[in-house]
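In what follows, a single structure is set out as structure tokens and then discussed.
Throughout, protein chains are lettered first and strands after them, A, B, ... in sequence-line order, and every chain is numbered starting at 1.
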Number of protein chains: 2
Amino acid sequence: MSAVGAGDLTGSRGRIDKRQAILDAAFAVFAREGYAQAGVDAIAAEAGVAKATVYNHFGDKETVLRQTVGLLAEQALAQNLAAVGRLTDTGGDLRALLEDVGLSLAHCYCDERSWTLRRLLLSEFSRFPDLLGLVFGQVNDRVIEALADRLARLALAGRLHVTDPVAAAEQFAALLGSPLDKRTRLGTRDVSDEEIRAVVSAAAGTFLKAFAAP
Amino acid sequence: MSAVGAGDLTGSRGRIDKRQAILDAAFAVFAREGYAQAGVDAIAAEAGVAKATVYNHFGDKETVLRQTVGLLAEQALAQNLAAVGRLTDTGGDLRALLEDVGLSLAHCYCDERSWTLRRLLLSEFSRFPDLLGLVFGQVNDRVIEALADRLARLALAGRLHVTDPVAAAEQFAALLGSPLDKRTRLGTRDVSDEEIRAVVSAAAGTFLKAFAAP
DNA sequence: ATCCGACCAGACTCGTGAGTCCAATTCGGG
DNA sequence: CCCGAATTGGACTCACGAGTCTGGTCGGAT
């Protein structure tokens, strides 16, 4: 949860680290009420901090939002890249490998924080279009790119038959993400692990039928 | 654009049809500013109507939003169903058929009104979760269902090899929608017709590689 | 001609939330 | 042990927007 840079005498008692407490609280409150409705008072209260302290650290409400989103996006990116990193040809069953990676990605995708972040981003998109741009460009595209790299290597090894690795990566992501969006109603409905597994399996199945080497 | 029920002495002069003018204006303003920011004053101004008239017709701001979204969702559903309806086995080239339907669906999906509606829905989702539920359930699911029906018939005719038509329909939709989401940055970027065509072609290609009868 | 109901302009109430200010307090380092 | 920076609670200003009300206008039906 916390775990950032230098001095980490975590929030509760330390005189420092109000900052992190505020960011956590802001995320919770923004997610719960939306940017416009969320009062800075509410954020301060949730963080156990005076309103003036929030302004000391961030200057204004908008900056609080940007910092919050930026931090979360960074974390999400790291998680997704780690998941994609598992896609390494071990010479074993290709389908099992794809399902393993797909499952890791699906778990990143369905993580509570992840859903909340995405919902927040979508909600405030009209007010802060650049935020969505940042996340689309910096997170989504990077993950696709990393996935494409791995797929290209599998293709070189003769295990897949893809001509455009980026397109294939996009399609794999689509096959994974869209059904999850629908099943979870944008993360507002719990899905059993079996259901996730079924989605991943279907995605991997279709992907392999389309791209497995002959 | 307007074209609804009974008396359509369109907005400007007629004593009636203020209602439709208000709904149109509300859609524009909500889309531009988001629900929370959009003032009823602004909606009234955009509709060329007094604020009191808005309250005469709808009672409160929330009702204005619900009616607006409901109307638009209905129209979107009709358009999508029409597109799916084109998926009829003519005995000709299956790929061309799929691309034709895919293109029709993509055009529905990329229509300005369609994007705006979806963005509005996503934006206000935290405040009105039931609205998204309505659209997901009543529009999205129905389209998938209709598509599944058509795919099932193609399977019966021996032209496709699908075991679960609904899953296949979902995947086709995913292959179509996700790349469009990304390319158009949720509809905030114009995409050339060639680009759309390329997405449709890629989707149809992957779908057929996975599901074409052997 | 006249009455009714929809419409208009704009003023008004009321609540809410951003951002500021300040005097009192508390902690951390020297 | 003391200084300064961070923090605190709370009061305060200011702007904005929902919803109400009023007095008056206009068109159409009887």
Side-chain angles (χ1 to χ4, degrees), chain A residues 4-68 120 123-124 126-128, chain B residues 5-26 28-68 120 123-124 126-128:
Chain A
V4 203
D8 94 25
L9 328 173
T10 319
S12 303
R13 284 298 171 216
R15 216 69 195 141
I16 320 274
D17 291 65
K18 299 298 179 184
R19 186 186 173 90
Q20 187 57 41
I22 293 170
L23 286 177
D24 288 345
F27 182 51
V29 175
F30 281 145
R32 191 189 322 130
E33 324 214 19
Y35 178 78
Q37 289 301 322
V40 175
D41 309 271
I43 295 174
E46 178 111 357
V49 139
K51 185 161 67 150
T53 304
V54 176
Y55 283 97
N56 276 346
H57 278 293
F58 299 98
D60 64 3
K61 194 181 167 187
E62 181 172 334
T63 303
V64 177
L65 178 67
R66 305 193 104 90
Q67 301 274 336
T68 305
L120 180 57
S123 293
E124 305 312 332
S126 42
R127 236 178 309 266
F128 308 109
Chain B
D8 97 21
L9 328 173
T10 320
S12 304
R13 284 297 171 218
R15 217 69 193 143
I16 320 272
D17 289 62
K18 299 298 180 186
R19 186 186 173 91
Q20 187 59 41
I22 293 170
L23 287 177
D24 289 344
V29 176
F30 282 144
R32 191 190 324 129
E33 324 214 18
Y35 179 79
Q37 288 303 321
V40 175
D41 309 273
I43 296 174
E46 178 112 357
V49 139
K51 185 160 68 151
T53 305
V54 177
Y55 284 97
N56 277 346
H57 278 293
F58 299 99
D60 63 2
K61 194 181 167 187
E62 181 172 336
T63 304
V64 177
L65 177 67
R66 304 194 104 90
Q67 300 274 337
T68 304
L120 180 56
S123 292
E124 305 312 332
S126 41
R127 235 177 311 266
F128 307 109

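Inter-residue side-chain proximity for B/Leu23 and B/Phe58 is flagged as met; some heavy-atom pair is nearer than 4.5 Å.
If you take CD of A/Gln37 and P of D/dC16, they are 17 Å apart, rounded to a whole angstrom. Taking atom CZ on A/Phe58 and atom C1' on D/dT7, their separation rounds to 15 Å, with Å as the unit. Distance, B/Lys18 NZ to D/dC26 C1': 11 Å, rounded to whole Å. One interatomic measurement links the two molecules: CG of A/Asp17 to P of D/dA5, which rounds to 20 Å at whole-angstrom precision. Separating the OH atom of B/Tyr55 from the P atom of C/dC8 is a distance of 15 Å, rounded to the nearest angstrom. Straight-line distance from the CD atom of B/Glu62 to the P atom of D/dG19: 9 Å, rounded to whole Å. Separating the CZ atom of A/Phe30 from the P atom of C/dG17 is a distance of 13 Å, rounded to the nearest angstrom. Atom-to-atom, NZ of A/Lys61 to C1' of C/dT16 comes out at 11 Å; the value is rounded to the nearest Å.
Residue B/Thr53 places at least one side-chain N or O under 4.0 Å from the OP1 or OP2 atom of C/dC8. For the pair A/His57 and D/dT7, the criterion of a side-chain N or O lying under 4.0 Å from OP1 or OP2 is met.
Considering only residues two or more places apart in sequence or on other chains, B/Thr53 meets the side-chain contact (heavy atoms from CB on, under 4.5 Å) condition with B/Lys18, B/Ile22, B/Val49, B/Ala50, B/His57.
Place B/Ala52 and A/Ala38 on DNA chain C by their nearest nucleotides, and B/Ala52 ends up nearer the 5' end. If B/Ala36 and A/Asn56 are placed on DNA chain D by their nearest nucleotide, the residue sitting closer to the 5' end is A/Asn56.
For B/Lys51 against C/dG10, no side-chain N or O and base N or O form a donor-acceptor pair under 3.5 Å.
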Sequence neighbours excluded and cut-off under 3.5 Å, please list the side-chain donor-acceptor pairs for residues 25-38 of chain A, or say none.
| unit_1 | atom_1 | unit_2 | atom_2 | d |
| --- | --- | --- | --- | --- |
| A/Arg32 | NH2 | A/Glu46 | OE1 | 2.9 |
| A/Arg32 | NH2 | A/Glu46 | OE2 | 3.3 |
| A/Tyr35 | OH | A/Glu62 | N | 3.4 |

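Among all heavy-atom pairs drawn from A/Ser126 and A/Ser123, the shortest one is OG-O, 4.2 Å. Taking all atoms of both residues into account, the shortest heavy-atom contact from A/Val64 to A/Thr68 is O-OG1, 2.6 Å.
A heavy-atom distance below 4.0 Å to DNA chain D is reached by these residues of residues 39-48 of chain B, ordered by number: B/Gly39, B/Val40, B/Asp41.
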